[in-house]
**Student:** 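Have a look at the structure that comes next, please.
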Protein chains: 2
Amino acid sequence: MKLSKKSEYGLRALLELALVHGKTTLQRRDIADRQHIPVEFLEQILLTLKRAGLVSSRRGVNGGYDLIKQPNEITLGQVIRILDGPLAPISCVSKTAYQKCNDCPYTNKPRCPVQQVMGKVRDAIAGVLDHYSLADFAAGHPKG
Amino acid sequence: MKLSKKSEYGLRALLELALVHGKTTLQRRDIADRQHIPVEFLEQILLTLKRAGLVSSRRGVNGGYDLIKQPNEITLGQVIRILDGPLAPISCVSKTAYQKCNDCPYTNKPRCPVQQVMGKVRDAIAGVLDHYSLADFAAGHPKG
DNA sequence: ATAATCTAGAGTTAGTTTATCAACAATAGT
DNA sequence: ACTATTGTTGATAAACTAACTCTAGATTAT
């Protein structure tokens, strides 16, 4: 049940961008320094977030990164799904990336116990992360 | 945020043992067949669970495994912690295996945003798994 | 004895994580 | 146009982990 460094770094990077959003942009070096992230690894992460439509970038002197949306329009759940994949502990209970479990002895039967519990776990995790925006994150608490 | 096969198999194995607890014991082959688990891998898992004091075993002809405690005295949280380690997404919010995050720019400061959110996620996960016993698991729903 | 079974740990294979590097492309200021 | 600065991209790789697999040995019932 672990969060990868990739996602953690991604969240920290977006946090910095959220803090300066509307005022200025940040270069990868700025972000890396402020959050103690290896620059080259951060690059990859920012690129992934760019392809996913969360940040924009400008090259050259005075270039840098910026959020595309408002901080309250991006949830932590979205970010982690982009960087780490589905929130669900097992794919047969994922709502965004469902996959049938093939070897499970309960396939096609009404109720698999593992599926039941893990469904609840998934909901619990998503209940936190999908209701926590970058704005909440920067403020240090949800909804406000 | 993934559950390992090890933990999943462990849960499935304990489920089978819970179902027959008090009536009979099961051999690794029985469990492996019923739950489609590679028998050698299952062996390791059962051994770990034995060392952790959850199951007992008897060797030789007519040997097998049995739960030591009652199914309602074992929670899924315990099992997963034994097989996969702490439930917390990052170790600085674990209650059973806390470790200070060393590279975090917020160390020793009052509030790290990542820590705040992940603490809530940890509580959400533990809230499900630590209140779900093997008996609930076998019944297909909690507190039953 | 012997056959079934558990015990223990080393070895294997494949994939993931966490980077690092180098070459390239775009931009701003001169 | 030139040059320094910055982002873009893909290749590579060390370290680690997951998920088995194998081998050899110890224990027990019959």
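Residue numbers begin at 1 in each chain, while the letters A, B, ... track the order of the sequences. Because only heavy atoms are used, hydrogens play no part in the values below, and waters and symmetry mates are left out as well, while side chains stay in.
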**Student:** Taking the side chain as every heavy atom from C-beta outward, state whether D123(B) and K95(B) have any atom pair closer than 4.5 Å.
**Tutor:**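 Answer yes - side chains close enough.
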**Student:** Report the distance from atom CG of L42(B) to atom P of dT7(C), rounded to the nearest whole Å.
**Tutor:**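 Result: 12 Å.
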**Student:** Tell me, please, which residues at least two apart from A52(A) pass side chain to side chain contact (heavy atoms under 4.5 Å, CB included).
**Tutor:**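 With sequence neighbours excluded, A52(A) shows a side chain to side chain contact (heavy atoms under 4.5 Å, CB included) to I82(A), given in chain and number order.
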**Student:** Which side-chain N or O atoms in residues 4-11 of chain B pair as donor and acceptor under 3.5 Å with protein atoms at least two apart or in another chain?
**Tutor:**
residue: S4(B); atom: OG; partner: K6(B); partner atom: N; Å: 3.4
residue: S4(B); atom: OG; partner: S7(B); partner atom: N; Å: 3.1
residue: S4(B); atom: OG; partner: D84(B); partner atom: OD1; Å: 2.5
residue: S4(B); atom: OG; partner: D84(B); partner atom: OD2; Å: 3.1
residue: S7(B); atom: OG; partner: D84(B); partner atom: OD1; Å: 3.2
residue: S7(B); atom: OG; partner: D84(B); partner atom: OD2; Å: 3.1
residue: E8(B); atom: OE2; partner: R12(B); partner atom: NE; Å: 3.0
residue: E8(B); atom: OE2; partner: R12(B); partner atom: NH2; Å: 2.9

**Student:** Between N62(A) and N62(B), which residue's closest nucleotide on DNA chain C lies nearer the 5′ terminus?
**Tutor:**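 So the residue in question is N62(B).
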**Student:** Heavy atom of residues 46-54 of chain A under 4.0 Å from DNA chain D: which residues?
**Tutor:**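 Residues of residues 46-54 of chain A under 4.0 Å from DNA chain D: L47(A), K50(A).
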**Student:** If the condition is ring-ring contact (aromatic ring centres under 6.0 Å, His included), which residues does Y65(B) pass it with, not counting sequence neighbours?
**Tutor:**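 Here no residue qualifies.
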**Student:** Got a sec, which residues hit side chain to side chain contact (heavy atoms under 4.5 Å, CB included) with A126(B), two or more places apart in sequence or on another chain?
**Tutor:** R81(B), L87(B), R122(B), D130(B)
**Student:** Can you name the residues that form a side chain to side chain donor-acceptor pair (under 3.5 Å) with S94(A), not counting sequence neighbours?
**Tutor:**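 None.
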**Student:** Scan nucleotides 15-27 of chain C nucleotide by nucleotide, 5' to 3', and note B when protein non-hydrogen atoms come under 4.0 Å of the base, S if they reach only the sugar-phosphate, - if neither.
**Tutor:** ---SBB----BSB
**Student:** Taking side chain to side chain contact (heavy atoms under 4.5 Å, CB included) as the definition, give me every residue that meets it alongside Q70(A), ordered by chain and number, with sequence neighbours left out.
**Tutor:**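 Only H21(A), N72(A), E73(A) meet the side chain to side chain contact (heavy atoms under 4.5 Å, CB included) criterion with Q70(A).
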**Student:** Answer yes or no: does a side-chain N or O of S57(B) lie under 4.0 Å from OP1 or OP2 of dT7(C)?
**Tutor:**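 So the side chain of S57(B) is within the cut-off, an N or O lying under 4.0 Å from OP1 or OP2 of dT7(C).
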**Student:** My understanding is that only residues two or more places apart in sequence, or in another chain, count here; which of them pass side chain to side chain contact (heavy atoms under 4.5 Å, CB included) with E16(B)?
**Tutor:**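 By the side chain to side chain contact (heavy atoms under 4.5 Å, CB included) rule, E16(B) matches Y106(A), L19(B), L26(B), R34(B), Q35(B).
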**Student:** Applying side chain to side chain donor-acceptor pair (under 3.5 Å), can you list everything that pairs with K69(B), at least two apart in sequence or on another chain?
**Tutor:**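 Testing K69(B) for side chain to side chain donor-acceptor pair (under 3.5 Å), a comparison that skips the adjacent residues, returns none.
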**Student:** CD1 of I45(B) versus P of dG9(C): gap in Å, rounded?
**Tutor:** 17 Å
**Student:** Please identify each residue that fulfils side chain to side chain donor-acceptor pair (under 3.5 Å) with T25(A), with sequence neighbours left out.
**Tutor:**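 Applying side chain to side chain donor-acceptor pair (under 3.5 Å) to T25(A) gives none.
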**Student:** Can you give me the first and the last nucleotide of DNA chain D (5' to 3') that has an atom within less than 4.0 angstrom of a non-hydrogen atom in chain B?
**Tutor:**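 Endpoints of the contacted stretch of DNA chain D: dA19(D) to dT30(D).
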